[in-house]
Amino acid sequence: MDLTPPPIPLADLVAPPAGSPMRQRDFIFGAGTSSYQIEGATHEDGRLESIWDRFSATPGKVLRGENGALACDHYHRWQEDLDILKRLGVDAYRFSIAWPRVMDEAGKPNAKGIAFYKRLLDGLAERGIRAFVTLYHWDLPQHLQDRGGWLNRETAYRFADYADLMSRELAGHGDVAAWTTHNEPWCSAYLGYGDGHHAPGLANPRWAAQAMHHLLLGHGLALPALRANAPKAQHGIVANCAPGYADSDTAGDRDAAALFETYQNRWVLDPLLKGEYPADLWRYWKGCEPLVLPGDMDLIRQPIDYLGINFYSRAVLRSKGPDTIDWVRRPDVERTTMDWEVYPQGLQDLFEAFKREYANLPPLYVTENGMSSHDVASHGEVDDAQRQAYIKGHFAACSRAMENGVDVRGYFIWSLLDNFEWAFGYERRFGLVHVDFETQQRTLKRSALAYADFLRERAAG
């Protein structure tokens with residue numbers, strides 16, 4: 001008698017629990033990418049220099065001196081990549097437009113660059129895939145940075161011009177379900193201007209606070225044009241958020257956890273949903289309040305159709321004294337190659353906290369969730385067991401939040417492809433699809449095959 005247990009169905013490696021509201025046909029499943037991380041072709045068809053081109057060329061800024069000049073060569077291989085999306089069976093694809101590719105320094109359209117995104121949208125429509133289009137995923141044109149970047153209020157107005165241009169130029173191409181103004185303004189402001197880990201590499205919390213204000217102002221200035229030019233689409237913004245947990249049940253550690261959530265989450269969400277910056281932020285960054293002009297907060301707090309949340313991990317905090325945060329790295333817990341703790345429960349806790357905190361919370365999308373791991377292709381296969389379990393655990397956490405009343409409409413796995421992972425170069429692999437960066441060979445990992453099987457079962461059910 002063969003006592004070997006039957007193999008687990010491939011779909012079950014990642015699928016949400018039986019009966020999950022995520023299994024409903026109107027729940028949107030997708031995958032995401034961003035322009036600088038995958039496109040390459042940084043000197044083709046009139047594309048201008050971006051802050052990430054300049055930053056990557058600066059010695060010591062990116063691991064091993066790598067850059068996005070080739071990346072996944074998506075600019076030339078986009079049809080193959082869209083075929084992979086079709087093979088996966090996703091409902092939607094989230095991607096970003098490279099601002100330096102579509103406008104010249106005078107703000108006039110670059111027809112060749114815009115044509116690429118028209119082809120991309122048309123190709124998605126031919127494959128029955130909706131588009132979630134992000135306008136800004138960190139690749140600011142360098143000529144704007146030379147005039148101060150997001151520290152210059154004028155950049156917010158130039159962003160609104162860019163949003164107007166793209167939503168007009170791309171009208172009638174593909175099925176754009178949603179426009180996103182900014183991806184993770186926290187990263188643009190803090191990592192770019194507060195600690196220097198990302199382009200443009202500046203480091204001052206006061207600069208971070210002012211850059212954030214101009215990013216959010218740009219969001220507010222762009223919304224009217226987006227609504228006018230794409231009235232049938234949804235319009236929103238994407239924030240990277242994480243829950244904070246006190247290391248011990250003491251007043252100091254509880255305050256540290258609250259202060260972390262203020263700096264990580266409320267710094268972005270309070271202006272958008274309450275029309276104000278959280279007062280506690282200035283306990284953490286004393287004297288760093290940005291210059292806010294009359295009418296700014298009314299622009300920033302305009303209603304949005306959806307809020308995208310990028311979730312990866314949690315933070316455990318303790319206090320080193322009044323108004324301080326000290327991150328605690330707990331031993332013996334599962335981590336990714338980014339050294340981030342795997343903690344799916346944090347997604348449920350975060351969403352339910354937002355529902356309690358914000359009476360006007362719009363519908364949510366998980367716009368990024370995924371993990372980096374040491375993935376190696378062997379005989380045409382990549383068995384990324386940790387990623388499979390990671391996805392399954394986070395799908396379950398999202399399902400629980402939805403069952404408890406949180407309005408979540410969709411879930412995008414990050415990322416479709418292994419890609420250029422910013423300051424970590426090509427070492428950290430987040431993709432559902434393995435990319436050999438020397439040959440550009442794409443290989444669907446086991447997580448991708450399982451995702452495709454689940455989506456096929458859902459469509460047939």
Side-chain angles (χ1 to χ4, degrees), residues 51 99 103 105-107 134-136 138 140-167 179-195 198-200 202-229 235-240 262-305 307 358 360 362:
I51 57 173
W99 188 350
M103 299 176 82
E105 289 195 24
T134 299
L135 285 162
Y136 188 68
W138 311 350
L140 186 72
Q142 181 63 41
H143 69 88
L144 291 177
Q145 183 58 43
D146 292 342
R147 294 196 285 274
W150 292 109
L151 295 179
N152 183 349
R153 185 180 175 91
E154 187 64 22
T155 301
Y157 292 89
R158 298 291 71 76
F159 175 75
D161 292 342
Y162 159 57
D164 181 35
L165 175 70
M166 294 314 301
S167 52
W179 285 91
T180 297
T181 52
H182 292 295
N183 177 79
E184 300 185 349
W186 186 95
C187 290
S188 297
Y190 183 69
L191 299 181
Y193 294 85
D195 78 351
H198 279 185
L202 304 179
N204 185 310
R206 185 162 190 163
W207 294 340
Q210 194 64 58
M212 175 66 81
H213 183 67
H214 291 154
L215 284 153
L216 295 179
L217 180 63
H219 157 81
L221 290 167
L223 282 177
L226 293 173
R227 293 194 187 284
N229 298 334
H235 305 93
I237 192 169
V238 167
N240 55 304
T262 296
Y263 137 88
Q264 179 68 55
N265 305 332
R266 294 179 58 202
W267 183 23
V268 177
L269 299 187
D270 278 17
L272 292 167
L273 301 177
K274 295 183 176 182
E276 62 187 20
Y277 289 102
D280 279 352
L281 185 59
W282 316 125
R283 286 202 288 125
Y284 185 54
W285 286 335
K286 292 178 174 60
C288 292
E289 293 91 335
L291 175 64
V292 178
L293 298 187
D296 284 2
M297 301 313 291
D298 290 333
L299 284 167
I300 291 169
R301 72 179 305 179
Q302 291 174 81
I304 51 178
D305 301 315
L307 174 64
Y358 300 106
N360 59 338

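Nothing here was measured: the structure is a model prediction, and the numbers come from that model.
- Rounded to the nearest 0.5 Å, atoms NE2 (His219) and NE2 (His214) are 15.5 Å apart.
- Between Leu140 atom CG and Thr155 atom OG1 the span is 6.0 Å, to the nearest 0.5 Å.
- Side-chain N or O atoms of His182 include one that pairs as donor or acceptor with a backbone N or O of Leu215 at under 3.5 Å.
- Under the side-chain hydrogen bond (donor to acceptor under 3.5 Å, both in side chains) criterion, Asn240 pairs with no residue, sequence neighbours left out.
- Remark: the backbone N or O of Arg147 is paired with a side-chain donor or acceptor of Asn152 at under 3.5 angstrom.
- Aromatic ring centres of Tyr136 and Trp150: separated by under 6.0 Å.
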Could you go step by step and tell me if Phe159 and Leu135 meet the side-chain contact (heavy atoms from CB on, under 4.5 Å) rule? CA-CA 9 Å; Phe159 175 75; Leu135 285 162; 4.0 Å; yes
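- Applying the ring-ring contact (aromatic ring centres under 6.0 Å, His included) rule to Trp207 yields no partners; only residues at least two apart in sequence or on another chain are considered.
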Evaluate side-chain contact (heavy atoms from CB on, under 4.5 Å) for Val238 paired with Thr134, printing each intermediate quantity in order. CA-CA 9 Å; Val238 167; Thr134 299; 5.6 Å; no
Between Arg266 and Leu281, is a side-chain contact (heavy atoms from CB on, under 4.5 Å) present by the stated rule, with each step listed? CA-CA 9 Å; Arg266 294 179 58 202; Leu281 185 59; over 6 Å; no
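- With sequence neighbours left out, the side-chain hydrogen bond (donor to acceptor under 3.5 Å, both in side chains) criterion links Tyr157 to no other residue.
- Interatomic distance, Leu307 CG to Thr180 OG1, rounded to the nearest 0.5 Å: 10.0 Å.
- For the pair Gln302 (side chain) and Gly220 (backbone), a donor-acceptor distance under 3.5 Å is present.
- Taking the six-membered ring for Trp and thresholds of 30 and 60 degrees, Tyr263 and Tyr190 have ring planes more than 60 degrees apart, a perpendicular arrangement.
- The CZ atom of Arg301 sits 7.5 Å away from atom CG of Asn360, with the distance rounded to the nearest 0.5 Å.
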Step by step, work out the side-chain contact (heavy atoms from CB on, under 4.5 Å) result for Gln264 and Trp186. CA-CA 7 Å; Gln264 179 68 55; Trp186 186 95; 3.6 Å; yes
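- The CG atom of Leu223 sits 11.0 Å away from atom CD1 of Ile300, with the distance rounded to the nearest 0.5 Å.
- Listed by chain and number, the residues in a salt bridge (Lys or Arg N to Asp or Glu O under 4.0 Å) with Asp305 are Arg227 (sequence neighbours excluded).
- Atom-to-atom distance recorded for Leu202:CG and Leu191:CG is 12.5 Å, nearest 0.5 angstrom.
- Partners of Asp161 by salt bridge (Lys or Arg N to Asp or Glu O under 4.0 Å), not counting sequence neighbours, listed by chain and number: Arg158.
- Ring geometry, Trp282 versus Trp285: the interplanar angle falls from 30° to 60°, so the pair is classed tilted.
- Of the candidates Thr181, Asp296, Leu299, Leu299 is the only one forming a side-chain contact (heavy atoms from CB on, under 4.5 Å) with Leu221.
- For the 3.5 Å distance criterion, the side chains of Tyr358 and Asp270 qualify, holding a donor opposite an acceptor.
- In terms of the ring-ring contact (aromatic ring centres under 6.0 Å, His included) criterion, residue partners of His213 (sequence neighbours excluded) are, by chain and number, Tyr277.
- Within a 6.0 Å sphere centred on CZ of Arg283, heavy atoms belonging to other residues, nucleotides or ligands number more than 12.
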